[in-house]
K.L.:
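After the C-alpha cells below, expect a handful of questions from me.
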Number of protein chains: 4
Amino acid sequence: MKSEQRRNQILEAAERVFARKGFHAANVSDIVQEAGIARGTFYLYFVSKRAVFEALLDKFFPLLVSKVKAVSQDQGVEEIWEQLRQNTKGILKVFLDNPELAQLVLNEAVGLDKGFDEKLMDFYHKLIIYTKESLEVGMEMGLVRPDINPFVIATAIIGAVKELVYDFMHLDFKEVDLDTLVDNLLSFTLQGVFDHRIISLLGGEQD
Amino acid sequence: MKSEQRRNQILEAAERVFARKGFHAANVSDIVQEAGIARGTFYLYFVSKRAVFEALLDKFFPLLVSKVKAVSQDQGVEEIWEQLRQNTKGILKVFLDNPELAQLVLNEAVGLDKGFDEKLMDFYHKLIIYTKESLEVGMEMGLVRPDINPFVIATAIIGAVKELVYDFMHLDFKEVDLDTLVDNLLSFTLQGVFDHRIISLLGGEQD
Amino acid sequence: MKSEQRRNQILEAAERVFARKGFHAANVSDIVQEAGIARGTFYLYFVSKRAVFEALLDKFFPLLVSKVKAVSQDQGVEEIWEQLRQNTKGILKVFLDNPELAQLVLNEAVGLDKGFDEKLMDFYHKLIIYTKESLEVGMEMGLVRPDINPFVIATAIIGAVKELVYDFMHLDFKEVDLDTLVDNLLSFTLQGVFDHRIISLLGGEQD
Amino acid sequence: MKSEQRRNQILEAAERVFARKGFHAANVSDIVQEAGIARGTFYLYFVSKRAVFEALLDKFFPLLVSKVKAVSQDQGVEEIWEQLRQNTKGILKVFLDNPELAQLVLNEAVGLDKGFDEKLMDFYHKLIIYTKESLEVGMEMGLVRPDINPFVIATAIIGAVKELVYDFMHLDFKEVDLDTLVDNLLSFTLQGVFDHRIISLLGGEQD
DNA sequence: AATGAATGAGCGTTCATTCAT
DNA sequence: AATGAATGAACGCTCATTCAT
C-alpha cells in the first residue's frame, strides 16, 4: 500500500506538471522534481513518461461515467429533464473540479503519435457511443425526433461539451456561472434533439 | 516575387509534412527534404520551425471566413435556412477539402506550449465571436429564442463542428455523407437555437 | 557454512545468467531473480557485479589443472603419447562440460576494462607457462626438437585450444566428435613440436 | 572528399579510443573529444557507436587478405615454404603495424551481443575457411598429410595466430623478435601439417 | 541475515539552429 | 540567395549500488 501511495504521489505531480507545461514541454526531470523523488524512482512506477500520461487518462473516464445515471423509460418527461440536468451538471463539474485532468484530456494528448491519438479517440469514442445509445433510447420513447442520425448528433454534443469546458476554463467566461452553462447547454441540446411536439410542451413551461 | 514563391514552396511542403507526421514528429529535415531545398534556406524564410506552423495557421482562417455569407434581416425564414445551409456546408467543405490544414488546426497545434495554445484559441475565438454575432442578429429578427446566452451557444456550436469534422476525418463515418452531416448538424443546431414557434413552422415542413 | 551455501547459490545463478546473456547484458536484477534473492542480499556476498565474475573465473582454473597429469621422464614414448592424449581430452572435456564457464573465459571476460583483461591474461598465462614447462621437459628428454622457442609454441598451442573449443561450441562442428577433435589437435601439435626422428617413428605407427 | 576526410578523422579517433578503453568503456563523448568535433557531428557520419566499430572491423579484413598470396601447384616445395613464410610474416605484420585494429579484432568485439559476435565470428570464419582451402590444396599436392581434418586444423592455426599476436602485443615478448615469431609459428604449423616424408626432407635442410 | 525501494550519475542519441563558404 | 556541415544543449531512460527497515 506504501507503493500505491508513491505511485499516486508521482501521478499527482505529473498531473500538475502536464497541466502547467503540456505533455511535450514537460520533462521527466520536471515531474521528479515536482514529486521530490529521484529520476530512477519514477521509472520504478512507470515504464515511461507516456505511461504516466496514460494512467492519468485512465483515471478520468470512470470519474465521468460515475456521474451519469441512465434515464429509464418509466420516468416522466419532467423527471427525465431533471435527470439529464443532473447528468450534464455532474459531467461539467467533474471537468471543472479536475482542471488538470480536464486540461490533459482536452488538450495535451492530441497529436502525440498515432498510437496515442487512438487512445484518446477511444476515450471520446466511448463518450460518444454512450451518448448515442441514450439518444436511441430517447427515440424509442418518442422523445427524440426520428429524423436525426444519432451518431452524428452524439458526436456534435460531445464536441459542444468539450469546447464549452475548455473555453470555460481558459476564457473569460466570468459572467457565466455553472448553472447558466448547464441550462444553456441542456436546453440547446435537448431542443436540438427533441421532437418538436415535446418542445412545445416544455417550451410552454419554460416561458 | 521570386522570394514569395520560395516561401510558398516551403509552406506547402511543411503543410504536407505536418499533416503526415504531426508537428512534433516532423523535423526541419523532413520539411527541407520535401521542399527540395537546403537546411539553411529554410531559415532564410522562416525564423523557426514554429514560424512556418503559425504561417500555415494564418492561411486557414480567411479560407473559412470566405465561405460564410451573412444572413440579412430582409431574407425570409426559408431563404435564411438555405443560406445557413450553404454556410455550414461551405465551412465543412473547407475543412474536408484541406485535410492537411484541418488536421493542423484541429489536432497538431494543441498542447505545444502556452503561447501557441493562445494563438490557436484566438483562431477559434474569432469563429465563436462570429457565430455569436450571427445568433444575436437572429435574436433581433425573432428567429432565435431570447432565453439563450449567445456566447455559450456559439461556443457549443463551434465545438460541435470541430468534433464532427475531426471524427469525420478520422473515424469510420463511411456510411454518412457530407449532406447527411450538414443536414443533421444544421437541424440539430437550428432547432436548438430557434424559437419553438419557428420550429413548429419548419418542423411542419420537414415532416 | 549456511553462508557458504548462499554464496554458491548466487555464484551458480550468476553463471547461468552470464552464459545466457553475456556479462554486459546481464543485470544484477537478472542474477538476483535467477537466484531468488533480494537485491541487497547480493551485495552481502559480493561487493560488485564484477566480483561474482571474478569468483567464477577463480573456480575454473583449478578445474582445468586437475585434469592434467604431468608426463615424467620414466615413461616411454607411447606412454607419453597416451598421457598427453588423456590430458588434452581432459582439458577439452572440462571446457565442453562447463559451457557456461567456458563461455565466460573465452568470450565474456574479454574487453571489459584494463584491469579485467589482466586478470584474464593471468589465467591464460598460467596455462601457457604450464605448457611451456612441459615442452621444456620434452626437450630435455629429446622428444621435442630443440630449435623451437618453447614460450612461443606454448602460446600457439593454447591459442589453438581456445579457438577450437570456442568454435566447437558456437559453430557447426557437428560432423566432428570430441575424439576426432582431440586426435587432430594432438597429432597436429605433437608433430609440430616433436623431433622429426620421433615423428617418423610415430608416423610409421599411424599409417 | 572533404566528407571522406572527416569520416576518417572520426574513424581514427574511435580506433584510438577503443584500443585505449575497450568498446564498452569508451563513450561517444570520448570519441568526439579525441576527434575534436561536436557530439552531433559524430552522428552525421555514423548512425551509432556500434557503427563506427563495424566500420573499423570492415577496414581490417581486406588489409589481411591483401598480404596473402596463394601458393600454386607449380611451385617447388622450397618456393612454397618461402611463400608461406612471406604470407605469415605479412599477416603478423599487419596485426603488429595496426595494434589498435588488432586489439579490436582480438579483444573488444567479443561478447557485445549476439549480432555482434556473429559479425566477428564471420571475420574469423573467413580466415579459417581460407586456411582450410589452402590445406586442401596442400593435400592434393601431397604436401599435407591426408589424415588430418583440414577444418579442425585450420581452426587451430588461426587460434594459434590470434593468441600469438595478442600476447606479443600485451606480454613481455621482448626477447622474441618478429622473425623468431614467424619462424617458430611456421615451423610448428608446417611440421604439424606436412607429411612426415616432406618434413624429413626439410628437416634435413634445417639442421 | 535479509529485504527491496530509492538513488542519481551517466549513457547514447536527436534535432533546431548557426555560419563559413 | 543558397548551401549543408557543424553544433551542443537537452532528452528519456538504465542500472549498479546503497541503506533504512
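To find a chain, count down the sequence lines: A is the first, B the second, and so on, and within it residues start at 1.
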K.L.:
For B:Arg7 and F:dA1, give me the distance from atom CZ to atom P, rounded to whole Å.
P.N.:
14 Å
K.L.:
Looking only at the side chain of B:Arg39 (C-beta and beyond, no hydrogens), which of the listed nucleotides F:dT17, E:dA16, E:dA1 gets closest?
P.N.:
E:dA16
K.L.:
So D:Ala26, base contact, sugar-phosphate only, or nothing? Heavy-atom distance under 4.0 Å.
P.N.:
sugar-phosphate
K.L.:
Closer to the 5' end of DNA chain E via nearest nucleotide, is it A:Gly36 or B:Val47?
P.N.:
A:Gly36
K.L.:
Starting from C1' on E:dA5, measure out to CD on A:Gln9 and report it in whole angstrom.
P.N.:
12 Å
K.L.:
Over how many whole Å does the gap from C:Lys49 atom NZ to F:dT18 atom P extend?
P.N.:
15 Å
K.L.:
Answer whether the closest heavy-atom distance between the side chains of A:Tyr124 and A:Lys162 falls below 4.5 Å.
P.N.:
yes
K.L.:
Between A:Arg6 and E:dA6, is there a side-chain N or O to OP1/OP2 distance below 4.0 Å?
P.N.:
yes
K.L.:
Specify the separation, in whole Å, of atom CG of B:Asp30 and atom P of E:dT14.
P.N.:
13 Å
K.L.:
Would you mind reading off the distance between A:Tyr45 atom OH and E:dA5 atom P, rounded to a whole angstrom?
P.N.:
6 Å
K.L.:
Report the relative orientation of the aromatic rings in B:His24 and A:His24; use parallel for angles under 30°, tilted for 30 to 60°, perpendicular for over 60°.
P.N.:
parallel
K.L.:
Would you write out the dot-bracket form of DNA chain F, 5' to 3', with Watson-Crick and G-U pairs under 3.5 Å, [ ] for crossing pairs, | for pairs to other strands and . for unpaired bases?
P.N.:
.||||||||||||||||||||
K.L.:
Round to a whole Å and report the spacing from CG of D:Leu44 to P of E:dT13.
P.N.:
14 Å
K.L.:
Within a strict 4.5 Å, meaning less than it, do heavy atoms of the A:Glu12 and A:Glu34 side chains meet?
P.N.:
no
K.L.:
Could you check whether any side-chain heavy atom of A:Gln9 comes within less than 4.5 Å of a side-chain heavy atom of A:Ile37, counting everything from C-beta outward?
P.N.:
yes
K.L.:
Hey, which of these two, D:Ser29 or C:Ile37, hits DNA chain E nearer its 5' end, going by closest nucleotide?
P.N.:
C:Ile37
K.L.:
Could you check whether D:Phe46 gets within reach of a base, just the sugar-phosphate, or nothing at all, counting any heavy atom under 4.0 Å?
P.N.:
nothing
K.L.:
Any side-chain N or O of A:Asn27 under 4.0 Å from OP1/OP2 of F:dA10?
P.N.:
no
K.L.:
Do the numbers put B:Lys49 on top of the ring of B:Phe23, so that NZ or CZ is under 6.0 Å from the six-membered ring centre and no more than 45° off the axis?
P.N.:
yes
K.L.:
Might you list the N or O atoms of the protein lying below 3.5 Å from N or O atoms in nucleotides 19-21 of chain F, with each pair's distance?
P.N.:
none

K.L.:
Side chains of D:Phe53 and D:Ser48: does their closest heavy-atom pair fall under 4.5 Å?
P.N.:
no
K.L.:
For D:Arg20 and D:Glu100, run salt bridge (charged side-chain N to carboxylate O under 4.0 Å, His left out): C-alpha distance rounded to whole Å, both residues' side-chain angles, the deciding distance at 0.1 Å, then the answer.
P.N.:
CA-CA 8 Å; D:Arg20 197 161 60 233; D:Glu100 279 94 358; over 6 Å; no
K.L.:
Could you state the interatomic distance from CG (A:Leu63) to CZ (A:Phe95), rounded to the nearest 0.5 Å?
P.N.:
10.0 Å
K.L.:
What is the distance, to the nearest angstrom, from the CD1 atom on C:Ile10 to the C1' atom on E:dT3?
P.N.:
13 Å
K.L.:
Does the side chain of B:Phe60 come within less than 4.5 Å of B:Val94's, by heavy atoms?
P.N.:
yes
K.L.:
Looking only at heavy atoms, which two atoms of A:Ala25 and A:Asp30 are closest? And how far apart?
P.N.:
O-OD2, 3.8 Å
K.L.:
What is the separation between atom NE2 on C:His24 and atom P on F:dA16, rounded to the nearest whole Å?
P.N.:
11 Å
K.L.:
From the options F:dA6, F:dG12, E:dT17, select the nucleotide whose nearest atom is closest to the side chain of A:Val28.
P.N.:
F:dG12
K.L.:
Nearest to the side chain of D:Ala38, heavy atoms from C-beta on, is which of E:dG4, E:dA1, F:dT7?
P.N.:
F:dT7
